[in-house]
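Here the structure comes first, spelled out in structure tokens, and everything after it is commentary.
Quick note: residue numbers are just sequence positions, from 1. Below, each value reflects all heavy atoms present in this structure, side chains not excepted, and no hydrogens, waters or symmetry copies. Quantities reported herein were computed from a predicted structural model and do not represent experimental measurements.
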Amino acid sequence: MYFDYREYLRTVLENFQAKGFSTRAIQEFSQVSGSAFFSRILDNARPLSLENAKKLTKSWKLTAEESDYFLDLVRFGNEKNIDEREIYMKKLLAARAQNQEFALQDSKLQFFSKWYYPVLRDLLPLLPAKISAAKIGAMFTPALRAPQIQSGIQYLIQAGFVTLQKNGTYKVSQPIISTPPRVRSTILRKYHLKNLEVNAQVYDAFTSDDRSITSVTCSLSRESFEKVREEIAKLREKILAISREEKNPDRVCYVGFQLVNRAQIKEKK
């Protein structure tokens with residue numbers, strides 16, 4: 001059920017407490033030591049080490065399969081390197097795939113696995129009934145092959161992002177993807193990188209009338225950096241509001257914002 005080991009720990013502790021165990025008794029039973037061991041982990045003051053995680057799997061008598069999942073959950077939660085984190089996330093998803101309910105939930109995470117899935121979802125409702133996959137693919141920049149469109153439509157229907165109407169047209173559904181921030185950041189990283197790659201690839205395919213690419217280089221403090229981040233968030237919400245009010249859309253657009261350090265003065269210690 002879990003992508004966050006802290007949420008799992010919290011559930012286990014609540015179950016112990018419901019049976020009358022004190023915090024001290026839970027620690028003794030779990031064979032871990034340290035002042036406020038669990039509370040410090042749950043408050044995010046310290047991570048759960050792999051060594052202590054292994055102690056918990058033994059004292060809580062987890063099965064071999066449960067132990068493997070829990071240890072990967074800890075590795076995923078503590079890992080700083082995003083490439084390594086992706087490896088652990090794939091292991092978690094593979095384990096969850098054995099359960100049909102979780103496999104269905106996780107299928108929604110694939111929405112950002114292809115740069116064109118979000119575009120296709122917004123494009124399909126704008127199209128006439130029974131249009132061929134080849135014609136849809138030709139609308140994309142860069143163009144997509146018919147098999148890519150066909151597999152994309154199949155995925156979007158199976159995951160519940162679109163529904164096929166009786167008249168042959170498509171209607172957008174909006175299922176909620178509820179995952180911890182660490183899962184979202186791991187999945188979205190490749191999505192954003194791929195979109196940057198696609199933007200560079202198709203830059204010359206558009207005239208100035210069909211693209212707007214600008215930038216600014218400026219000096220900011222940490223406080224001002226956060227203010228700029230907030231302004232970008234506000235603009236993103238405004239753009240979404242404009243899109244929701246649109247009565248006659250004829251294109252699907254990707255709008256990206258980048259706010260990154262190009263040079264940074266390190267503080268003196």
Side-chain angles (χ1 to χ4, degrees), residues 1-15 47-48 50 53-54 56-57 60-125 133 136-137 144-166 170-195:
M1 290 177 58
Y2 298 89
F3 274 123
D4 187 330
Y5 71 79
R6 287 184 170 86
E7 289 184 11
Y8 172 66
L9 291 181
R10 186 172 286 107
T11 301
V12 172
L13 296 184
E14 289 173 352
N15 285 333
L48 174 63
L50 201 59
K54 291 177 180 178
L56 296 181
T57 64
W60 293 352
K61 293 180 169 52
L62 300 186
T63 66
E65 184 180 11
E66 291 168 341
S67 297
D68 288 342
Y69 187 88
F70 179 59
L71 295 178
D72 282 335
L73 200 62
V74 173
R75 294 184 182 102
F76 173 70
N78 292 341
E79 183 58 56
K80 303 298 183 184
N81 183 286
I82 198 162
D83 291 317
E84 292 295 321
R85 193 192 310 163
E86 185 178 6
I87 292 173
Y88 294 130
M89 191 188 71
K90 286 181 178 179
K91 293 181 69 175
L92 296 177
L93 291 174
R96 287 164 59 91
Q98 306 302 314
N99 182 299
Q100 187 175 4
E101 179 184 352
F102 296 144
L104 183 61
Q105 293 176 11
D106 295 342
S107 69
K108 291 180 172 55
L109 296 176
Q110 297 178 35
F111 184 64
F112 295 106
S113 65
K114 303 289 185 183
W115 69 266
Y116 52 85
Y117 281 174
V119 180
L120 186 59
R121 188 196 72 156
D122 281 3
L123 178 63
L124 289 175
I136 297 175
L144 298 178
R145 294 177 288 105
Q148 290 176 292
I149 297 297
Q150 291 166 344
S151 64
I153 292 175
Q154 183 179 12
Y155 162 71
L156 291 173
I157 292 176
Q158 290 177 345
F161 287 100
V162 299
T163 55
L164 179 60
Q165 307 290 86
K166 290 182 179 180
Y170 294 91
K171 182 180 179 181
V172 170
S173 304
Q174 295 184 351
I176 298 174
I177 303 176
S178 180
T179 55
R182 207 164 181 81
V183 176
R184 288 197 298 273
S185 65
T186 303
I187 293 209
L188 287 174
R189 171 180 174 263
K190 279 198 170 182
Y191 172 74
H192 290 315
L193 288 175
K194 186 60 181 178
N195 269 290

Tell me, please, which residues at least two apart from [X] pass salt bridge (Lys or Arg N to Asp or Glu O under 4.0 Å).
| X | answer |
| --- | --- |
| E84 | none |
| K54 | none |
| R96 | D106 |
| D72 | R75, K91 |

Contact check, side chains of [X] and [Y], non-hydrogen atoms, under 4.5 Å:
| X | Y | value |
| --- | --- | --- |
| Y69 | T63 | no |
| I153 | L124 | yes |
| L144 | Y116 | yes |
| I136 | L120 | yes |
| Y88 | L73 | no |
| K171 | V162 | no |

Among all residues two or more places apart in sequence or in another chain, which pass the ring pair (Phe, Tyr, Trp, His ring centres under 6.0 Å) test with [X]?
| X | result |
| --- | --- |
| Y155 | Y117 |
| Y191 | F112 |
| Y170 | none |
| Y5 | none |

How close do [X] and [Y] get, counting heavy atoms only, and between which atoms?
| X | Y | value |
| --- | --- | --- |
| Q98 | A94 | NE2-O, 3.5 Å |
| A53 | V74 | CB-CG2, 3.9 Å |
| R85 | S185 | NH1-OG, 3.2 Å |
| M89 | F76 | CB-CE1, 3.6 Å |

Measure the [atom1]-[atom2] distance between [X] and [Y] for me, rounded to the nearest 0.5 Å.
| X | Y | atom1 | atom2 | answer |
| --- | --- | --- | --- | --- |
| Y2 | R10 | OH | CZ | 10.5 Å |
| L9 | E14 | CG | CD | 11.0 Å |
| I157 | R121 | CD1 | CZ | 14.0 Å |
| K114 | Q148 | NZ | CD | 7.5 Å |

- Query: Is D83 salt-bridged to R189, cutoff N-O under 4.0 Å?
  - Reply: yes
Mind checking side-chain contact (heavy atoms from CB on, under 4.5 Å) for [X] and listing every partner two or more places apart, or none if nothing turns up?
| X | answer |
| --- | --- |
| L62 | Y8, T57, W60, E66, S67, F70 |
| K194 | W115, E197, V198 |
| A133 | A146, I149, Q150 |
| D122 | V252 |

